[in-house]
Amino acid sequence: MNLGSVLILTCTLLVDTSWVTKADQPPKPPCRPGFSESFYTVFVSRDLLRGQSILKVKFDNCQHSKAVDFESSDPNFSVRPDGSVYAEQEVANLSEPVQFMVTARRGHDPHIWETTVKLALAGHPPSVPVSQIGVEDMIARAWDSNPRVIKFPRKHQRSSSANGLRRQKRDWVIPPINVPENSRGPFPQMLVRIRSDQDLEKGIRYSITGAGADQPPIDVYNIDPVHGKMFVTRPLDREERASYHLRAHAVDMNGNKVESPIDLYIYVIDMNDNRPEFQNQVYNGSVAEGSKPGTLVMQVTANDSDDDTTANGMVRYRILSQTPHMPIPNMFTINSETGDIFTVAAGLDREKVSQYTIIVQATDMEGNLNFGLSNTATALISVTDINDNPPELTARTFSGEVPENRVNVVVANLTVIDRDQPHSPNWAAQYRIASGDPQGHFLIRTNPVNNDGMVTVVKPVDYEQNRAFMLTVIVSNKAPLASGIQSSLQSSAGVTISVQDVNEPPVFPSNPKSIRFEEGVPAGTTLTVFAAQDPDLFIHQTVRYSKLSDPASWLRINRTNGQITTMAVLDRESMYVRNNIYEATFLAADNGKSGSPPASGTGTLQIHLIDVNDNAPVLFPKEAQVCERASPRSRVNITASDADADPHVGPFVFELPSYPPSVRRNWTASRISGDYAQLRLRIPYLDAGVYDVPIIVSDSGNPPLSNRSMIKVKVCPCDDNGDCTTTGAVAAAGLGTGAIIAILICIIILLTMVLVFVMWMKRREKERQAKPLLIDPEDDVRDNILKYDEEGGGEEDQDYDLSQLQQPEALDHIICKPTGVRRVDERPVIAESQYPVRPSLPHPGDIGDFINDGLRAADNDPTAPPYDSLLVFDYEGSGSTAGSVSSLNSSSSGDQDYDYLNDWGPRFKKLADLYGGGDDD
């Protein structure tokens, strides 16, 4: 048993805390539901009247909306809803102290809170002060407070005035059994003794049931069945299980129940065996710089597994150290009960200290460092930035220079210092030009990397108008300054921008320049003077002109004065004219004096061409087709187009010429609308053919222009629908009857040839399909012995029958052979096997079956070559009287003539030289 833990627990129960004043009490901790005390002791008289209130237990509900139900473990006492404990009936002659348990439950909440109430007899000597009690005596008193012997309750009968029933009265109230956790034994350790008053009369056997006995966790408690001594078998851990509820039973030797079961409540007394544990080893918090004292920074939390209703689980916090010690060592404090960290002093400055490291200690036993267990954690407090430092320019004046007519160039760089958090809105600078640039030539952009201000030209400046600019620049942050912070005098500066003179190109005053002229003006006509001006007023330069773009090559420009004249006739209908406007581009260049290179400028001349009637109308369509007989369908709609513009176009006038006379005799033209007319036959019938009909078309210009156009009209016979027939169309095209018949005969002959070719291809395919799978045996040369001239063998094999190696020329001798005897190189003379015939149009799924059937038939056919049999050749012998062929010597007598080798051609020339040389060698 942990003696020190027992001592602290006992002291907690005995010390009177009435002297603690309200001013000395720490801030109220977070609400935790439960009884205010875990043990109540009340001194009462020996006689208690029914309904008499004894004490009031205090329960902190935390949720006032839910009612709390109280219940007493002793039926002689009950608890009212307000926590008042009263006697349920008269309890006379209270000879011994009574101890029972009060439980609390909120509605349907499964959690149950418990406390113990002990009623002591008034007049007993008071408790001895803790200082006068030794540790051993204190432990003994703690154990002696529990009854050592527990008897089964007896039931007595006494008369009832009403109906003669007997009232039951319990002789003994079973108090809870308190067992300290982490006891060192020895085990098993006796707790109490259970006995029955009938153990003197008969043999009694005792047993216990419930969680901890015969239910998990099993065998924590056991009992001597004969003597009723109840033991705990091992150390208990309150953090695993805080209480046990057992039932004690008494039976006789036959197993018959002797006593009613009694309830035993065992409570595990908490010991301080768990250190406070922080939820995190490192906590991160932040506080703005310049915060006032008392500002909440963060909260740290530590949990203790011990009973939080006792000092063992009551955690207190304190700060051990602070790093760095600037501006003072104690910039922060902590609420000892809640763990909230606050600032206690002013002077937080991120620019000096950006982060503090705080070591926090949590100690149980209400922070008692002598007896409590402790643990530590680290709190990192970052000082966040506020805009308490205005940006300051590094100089009072800045300067730069820019060439005239240049844009998007940086002409000056403004440097600034800001001690706030870099790359934050409190640090980021923004610049504004307060004065000196009324026309907006300059803009100051902020460099996001170094916060500098880049003075940029956004609108061209002209040296001839302004040779220098004096700007006043003000710098500020994107975020407003913190309350109470004033702008610095160094937040503004002057910027001087000098403009450099450069050689500017000549400028055309009107660009583009538009003029109007009628088309058709002759070459050499002066149109206008397209002159440019040199903006360099302080430098006298000569301007020369040239042509850059003239798509139709119609114009010429004078090199010195810019006069524009025509080189060709201007035509509005030209492909180079868009929307009646012709454009040409010209170049003006100076001579670049004073060491500057020449500069040039371009100008565009737009000539708006006014239309004149210079284009005759054109007839459409060029070809038409009508029926040979006059009818409503024997008409052709004609129109005209004119390249000119209104009013030199329609309405058009269509008329037939008077010559030749046949035109007006056969045809007539009538006007339908301003742009359309209709050509039709004047006579009832006109022979089929092609006719060229002239038509004169005139526009509405002043004066009008006319055009004689030819339209080719095909006259043909028509069917009932008014459409030309095929024969009629051919006839109209100029083909005679003979030509038509010849064409038809050629078509018939061509179709006949195609039909004959198709029939021949089908017949050939049918023959190919009807051909047997294997070739004719006489044409088969696979694995057969072929006849060659015999050269003979050695002397020992002259009697060899060479006829056995030859292909037989007749089969009569084979037919006459006995059955079973035949030559191995001959084809058997038997009926040939029948092979499957492939259909002309086989189904793709039958191809595999056809191949397998053919293979199976070939394997079983003995007549199919090659004839798989063993071929036997005779042995030629081991010796020969002829000797070696190498013993033969070539004759060199010269009696053989090799001159004939010269007649064999160039391939044998070398051989002829070797053998036909004769005496030359």
Item checked: Exam field: side chain Thr310 to backbone Asp307, donor-acceptor pair closer than 3.5 Å -> yes

Check: Side chains of Arg205 and Val226: does their closest heavy-atom pair fall under 4.5 Å?
Finding: yes

Next item on the list: To the nearest 0.5 angstrom, please state how far the CD1 atom of Ile386 sits from the OG atom of Ser483.
Entry: 9.0 Å

Notebook entry, point to check: Is any side-chain heavy atom of Met190 closer than 4.5 Å to a side-chain heavy atom of Phe231?
Noted result: yes

Checklist line | Nearest heavy atoms of Glu239 and Ser305, plus distance in Å | finding: CG-O, 3.3 Å

Check: Hey, does the side chain of Glu366 reach the backbone of Gly372 with a donor-acceptor pair shorter than 3.5 angstrom?
Finding: no

Check: Can you check whether Asp388 reaches Glu351 side chain to side chain, under 4.5 Å on heavy atoms?
Finding: yes

Next item on the list: Apply side chain to side chain donor-acceptor pair (under 3.5 Å) to Asp74 and Ser72, showing your working.
Entry: CA-CA 5 Å; Asp74 191 337; Ser72 173; 5.9 Å; no

Margin query: Here's one to test your reading of the geometry: is the NZ or CZ of Arg80 within 45 degrees of the ring axis of Tyr86 and under 6.0 Å from its centre?
Written below: yes

Check: Counting only N and O atoms by type, is there a donor-acceptor contact under 3.5 Å from the side chain of Tyr283 to the main-chain atoms of Thr301?
Finding: yes

Notebook entry, point to check: Which distance, rounded to the nearest 0.5 Å, do you find between the CD1 of Ile269 and the CG of Asn178?
Noted result: 4.5 Å

Note to self: For a side chain to side chain contact (heavy atoms under 4.5 Å, CB included) check, start with the C-alpha distance between Phe187 and Gln189, then their side-chain angles and the critical distance, and finish with the verdict.
What the structure shows: CA-CA 5 Å; Phe187 295 100; Gln189 188 176 30; 4.0 Å; yes

Margin query: If I take atom CD1 from residue Ile334 and atom CD1 from residue Ile341, how far apart are they, to the nearest 0.5 angstrom?
Written below: 4.5 Å

Note to self: I'd like to know whether Leu264 forms a side chain to side chain contact (heavy atoms under 4.5 Å, CB included) with Arg247, so could you lay out the CA-CA distance, the side-chain angles of the two residues, the decisive distance to 0.1 Å, and finally the verdict.
What the structure shows: CA-CA 6 Å; Leu264 301 177; Arg247 305 198 77 184; over 6 Å; no

Check: How about Val102 and Glu114: do any of their side-chain heavy atoms sit closer than 4.5 Å?
Finding: no

Next item on the list: Please say whether more than 12 non-hydrogen atoms of neighbouring residues, nucleotides or ligands are located less than 6.0 Å from CD in Glu71.
Entry: no

Next item on the list: Please answer whether the main-chain N or O of Thr384 pairs with a side-chain N or O of Ser382 as donor and acceptor at a distance below 3.5 Å.
Entry: no

Next item on the list: Check for a donor-acceptor pair, side chain of Glu259 on one end and backbone N or O of Ala250 on the other, with a separation under 3.5 Å.
Entry: no

Next item on the list: Would you sort out whether Val258 and Ile204 count as a side chain to side chain contact (heavy atoms under 4.5 Å, CB included), showing the intermediate values?
Entry: CA-CA 8 Å; Val258 176; Ile204 303 298; 3.9 Å; yes

Item checked: Atom of Tyr317, atom of Thr338 and distance for their closest heavy-atom approach -> CE1-C, 4.0 Å

Notebook entry, point to check: Do Asp82 and Ser84 have side-chain atoms, one donor and one acceptor, less than 3.5 Å apart?
Noted result: yes

Next item on the list: Search all heavy atoms of Val85 against all heavy atoms of Val57 and return the closest pair with its distance.
Entry: CG2-CG1, 4.3 Å

Next item on the list: Please list, chain by chain and in numerical order, all residues satisfying salt bridge (charged side-chain N to carboxylate O under 4.0 Å, His left out) with Asp385, sequence neighbours excluded.
Entry: Arg350

Checklist line | Check: Ile358 and Thr378 side chains under 4.5 Å, non-hydrogen atoms | finding: no

Check: Would Asp199 and Tyr206 count as a side chain to side chain contact (heavy atoms under 4.5 Å, CB included) if you check the C-alpha gap in whole Å, the side-chain angles of each, and the deciding distance to 0.1 Å?
Finding: CA-CA 10 Å; Asp199 59 354; Tyr206 302 96; 3.8 Å; yes

Checklist line | Flag side-chain contact, heavy atom, 4.5 Å: Tyr221 against Ile266 | finding: yes

Note to self: Tell me whether Gln215 contacts the main-chain N or O of Pro217 through its side chain, where contact means a donor paired with an acceptor under 3.5 Å.
What the structure shows: no

Check: Would you find more than 12 non-hydrogen atoms of other residues, nucleotides or ligands less than 6.0 Å from His245 atom NE2?
Finding: yes

Notebook entry, point to check: Any side-chain heavy-atom pair from Val315 and Thr363 closer than 4.5 angstrom?
Noted result: no

Margin query: Between the side chains of Asp252 and Lys202, is the shortest nitrogen-to-carboxylate-oxygen separation below 4.0 Å, so that they form an ion pair?
Written below: no

Checklist line | Any donor-acceptor pair under 3.5 Å from Asn375 side chain to Pro276 backbone | finding: yes

Notebook entry, point to check: Which heavy atom of Arg106 sits nearest a heavy atom of Trp113, and at what distance?
Noted result: NE-CH2, 3.8 Å

Notebook entry, point to check: How far apart are the closest heavy atoms of Asn272 and Met365, and which atoms are they?
Noted result: ND2-CG, 3.2 Å

Next item on the list: State, with a plain yes or no, whether a side-chain heavy atom of Asn303 is found less than 4.5 Å away from one of Gln279.
Entry: yes

Check: Taking NZ, NE, NH1 and NH2 as the nitrogens, is one of them in Arg105 or Asp69 under 4.0 Å from a carboxylate oxygen of the other?
Finding: no

Item checked: Whether Thr376 side chain and Gln361 backbone form a donor-acceptor pair below 3.5 Å -> no

Next item on the list: Decide if the gap between the ring center of Phe332 and the ring center of Tyr356 is smaller than 6.0 angstrom.
Entry: yes

Next item on the list: Report the C-alpha separation of Asn274 and Asp304 in whole Å, then their side-chain angles, then the decisive distance to 0.1 Å, and conclude whether the side chain to side chain donor-acceptor pair (under 3.5 Å) test is met.
Entry: CA-CA 6 Å; Asn274 291 280; Asp304 197 313; 5.2 Å; no

Next item on the list: Indicate yes or no: does Glu337 engage Arg316 in a salt bridge with an N to O separation below 4.0 Å.
Entry: yes

Item checked: Under 3.5 Å donor-acceptor, Asn312 side chain and Asp270 backbone -> yes

Notebook entry, point to check: For Ala87 and Phe77, which heavy atoms make the closest approach, and how far apart are they?
Noted result: CA-CD2, 3.9 Å

Check: Who pairs with Asp308 by salt bridge (charged side-chain N to carboxylate O under 4.0 Å, His left out), at least two apart in sequence or on another chain?
Finding: Arg32

Next item on the list: Kindly say whether Thr209 contributes a backbone atom to a donor-acceptor pair with the side chain of Asp214 at under 3.5 angstrom?
Entry: no

Check: Do Glu88 and Asn76 meet the criterion of a side-chain donor-acceptor pair at a distance under 3.5 Å?
Finding: no

